[in-house]
Amino acid sequence: MVLLFELRFFGLWTLWWCCLVTGSGGCQMQYVGIINVTTDLQSDVLLPCNFKSTLLGSNKTADIAAVWSQTTIPADNLLEMKLQGGVMFWNSRDKRIKTFTNISESGNFSILLRNVQQSDLGLYRCELHEGINCMIAYQEVQLGLAAVSEYQKTIIAGTSGGAAVLLLFTVCVCYTVTKRRLCMRQHSAQEGTRENPIYDSANYKMKDSRNTDEGQCDNPIYAEYSAMPDQHRESSVR
């Protein structure tokens, strides 16, 4: 009886060990690698995820799927893409994530992220699963901002320098025009303070008439006539 019990226990233990070895061989959780991807904000970027056919197995009808997530705290699960092409979204990022279900059967589970935002930057993880709680392999994608090239730096510096020169030229022209207008106004004000030539002509005429009257008084004929006695003047008149 004891021997029979020991044989049954040994058989169950052997079966459990075989299942464990077989399961661990399938769920090996192989690390494929990391890919660095750079992009600009407000642009579209492709996040690649490719697994070799040896990881997919020969059974194309198996329950194999790729799970995309962003390794934030807590982790942000994005979607699950089946080997046969079915997709289930958990977070589509406001429908900015596009999948390619027609090529997933070949092991390509890449996704397109549209209109990249600041919050989209970071580390992403693409995991290949078979069934439940069995991860076959995974790879990582680091998404960052594209660095400005030397050529772009030269263009930016040249544009900034040209804008500065244009601004300085505009300031100089405005200063010159303003100064010229101010000088013209001051000149006009000085001209306005002088006597009006109309009044100068009138004063000249009045002065000329006074000189004429004085000239008549200085005439010796009129002076002699005025100096004669009254009787002589009457006789001379007669």
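Heavy atoms only, all atoms of each residue included: Lys82 and Phe109 are closest at O-CE2, 4.0 Å. Pairing each heavy atom of Asp120 with each of Asn115, the nearest pair is OD2-O, 4.2 Å. Across Val45 and Val116, no two heavy atoms sit closer than the pair CG1-CG2, 3.6 Å.
Scored by the side chain to side chain contact (heavy atoms under 4.5 Å, CB included) test, Tyr31 finds Ile34, Tyr138, Glu140 as partners (sequence neighbours excluded). With sequence neighbours left out, Arg114 forms a salt bridge (Lys or Arg N to Asp or Glu O under 4.0 Å) with no residue at all. With sequence neighbours excluded, the residues that form a side chain to side chain contact (heavy atoms under 4.5 Å, CB included) with Asn108 are Asn50, Ile103, Ser106, Ser110. Listed by chain and number, the residues in a side chain to side chain contact (heavy atoms under 4.5 Å, CB included) with Ala137 are Gln30, Val32, Phe51, Leu55 (sequence neighbours excluded).
Note that the CG atom of Leu128 and the CE atom of Met81 stand 11.5 Å from one another [nearest 0.5 Å]. To the nearest 0.5 Å, the span separating CD1 on Ile64 from CD1 on Ile136 amounts to 5.0 Å.
A donor-acceptor pair is defined here as one N or O able to donate and one able to accept, closer than 3.5 Å; such a pair exists between the side chain of Thr72 and the backbone of Pro74. Remark: the backbone N or O of Leu123 is paired with a side-chain donor or acceptor of Thr71 at under 3.5 angstrom. Using a distance-only test at 3.5 Å, with no hydrogens or angles considered, no donor-acceptor pair links the side chain of Glu127 to the main chain of Ala65. Not a single donor-acceptor pair under 3.5 Å links the side chain of Arg96 to the backbone N or O of Leu113.
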| field | Pair Asn91-Gln70, side-chain contact (heavy atoms from CB on, under 4.5 Å): steps then yes or no | value | CA-CA 10 Å; Asn91 185 1; Gln70 185 178 10; over 6 Å; no

| request: Start with the C-alpha gap between Gln139 and Cys49, add the side-chain angles, then the distance that decides, and say whether side-chain contact (heavy atoms from CB on, under 4.5 Å) holds. | output: CA-CA 7 Å; Gln139 68 180 48; Cys49 179; 3.8 Å; yes

| Verdict with reasoning, Val37 to Ile35, per side-chain contact (heavy atoms from CB on, under 4.5 Å) | CA-CA 6 Å; Val37 178; Ile35 301 176; 4.1 Å; yes

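Contacts classified as ring-ring contact (aromatic ring centres under 6.0 Å, His included) and involving residues 65-101 (residues at least two apart or in different chains) are not found. For the salt bridge (Lys or Arg N to Asp or Glu O under 4.0 Å) condition, no pair includes a residue of residues 37-58, sequence neighbours left out.
Atom CG of Asn102 sits in a crowded spot, with more than 12 heavy atoms from other residues, nucleotides or ligands closer than 6.0 Å.
In this structure, Leu143 is a member of the same hydrophobic cluster as Leu41, with clusters built from ILVMFWY side-chain heavy atoms closer than 4.5 Å.
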